[in-house]
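Worksheet: one structure, shown below.
Whatever order the structure lists ligands and atoms in, that order sets their numbers, starting from 1.
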Amino acid sequence: MINSREIADLHPKVAVLCRAFVAHCKAAGIDVLITSTYRDAASQAALYAQGRTAPGAKVTNAKPGQSWHNWRVAFDFVPLLNGKAQWNDVRSFTRCGEIAESLGLEWAGRWQSFKELAHCQYTGGLTLADFQAGRTLP
Ligand SMILES: [Zn+2]
């Protein structure tokens with residue numbers, strides 16, 4: 001079961017964007033921690049079970065193959081203050097989201113449904129169906 005927070009586990013193109021994101025946030029005065037990158041099918045299944053057939057609160061509506069993390073094109077982050085994760089710091093999340101967008105990433109803080117301040121992705125215009133069919137970023 002793999003639930004990685006290593007940038008190197010992302011698709012190479014997304015890894016470059018993720019590293020640039022971390023550097024640009026730092027330049028803007030915000031340290032960020034990457035909390036999730038690649039998640040394999042077993043790990044996604046366990047996450048999906050949470051709040052359904054397993055204890056805990058529901059954390060995702062994505063089954064295996066339905067999360068962009070399963071295809072190595074998404075990462076989650078959290079702003080840090082003095083080394084501590086600031087999960088409720090909407091202002092810093094938003095500033096980081098704007099930085100992500102300036103680099104060409106999609107920031108889930110803009111999404112109308114399943115809005116997620118911590119989530120960024122780069123799909124290159126591909127859909128989940130494309131990835132499921134074996135396509136990937138060039
Ligand atoms: Zn995510």
Q. For atom CZ of Arg135, is the number of surrounding heavy atoms from other residues, nucleotides or ligands below 6.0 Å larger than 12?
A. no
**Q.** Candidate pair His119 and Trp111, rule ring-ring contact (aromatic ring centres under 6.0 Å, His included), full reasoning
**A.** CA-CA 10 Å; His119 179 100; Trp111 293 355; 5.5 Å; yes
Q. Is there a ring-ring contact (aromatic ring centres under 6.0 Å, His included) between Phe75 and Tyr38 once you walk through the steps?
A. CA-CA 7 Å; Phe75 61 86; Tyr38 169 63; over 10 Å; no
(Q) Quick check on the Zn ion (ligand 1): does Cys120 put an N/O/S atom closer than 2.8 Å to it? (A) no
Q: Quick one: report the N, O or S atom of His119 that is nearest to the Zn ion (ligand 1).
A: ND1
**Q.** Modelled atom types, side-chain donor and acceptor of Asn3 and His69, under 3.5 Å
**A.** no
Q: Check Asp76 and report its N/O/S atom nearest to the Zn ion (ligand 1), by atom name.
A: OD1
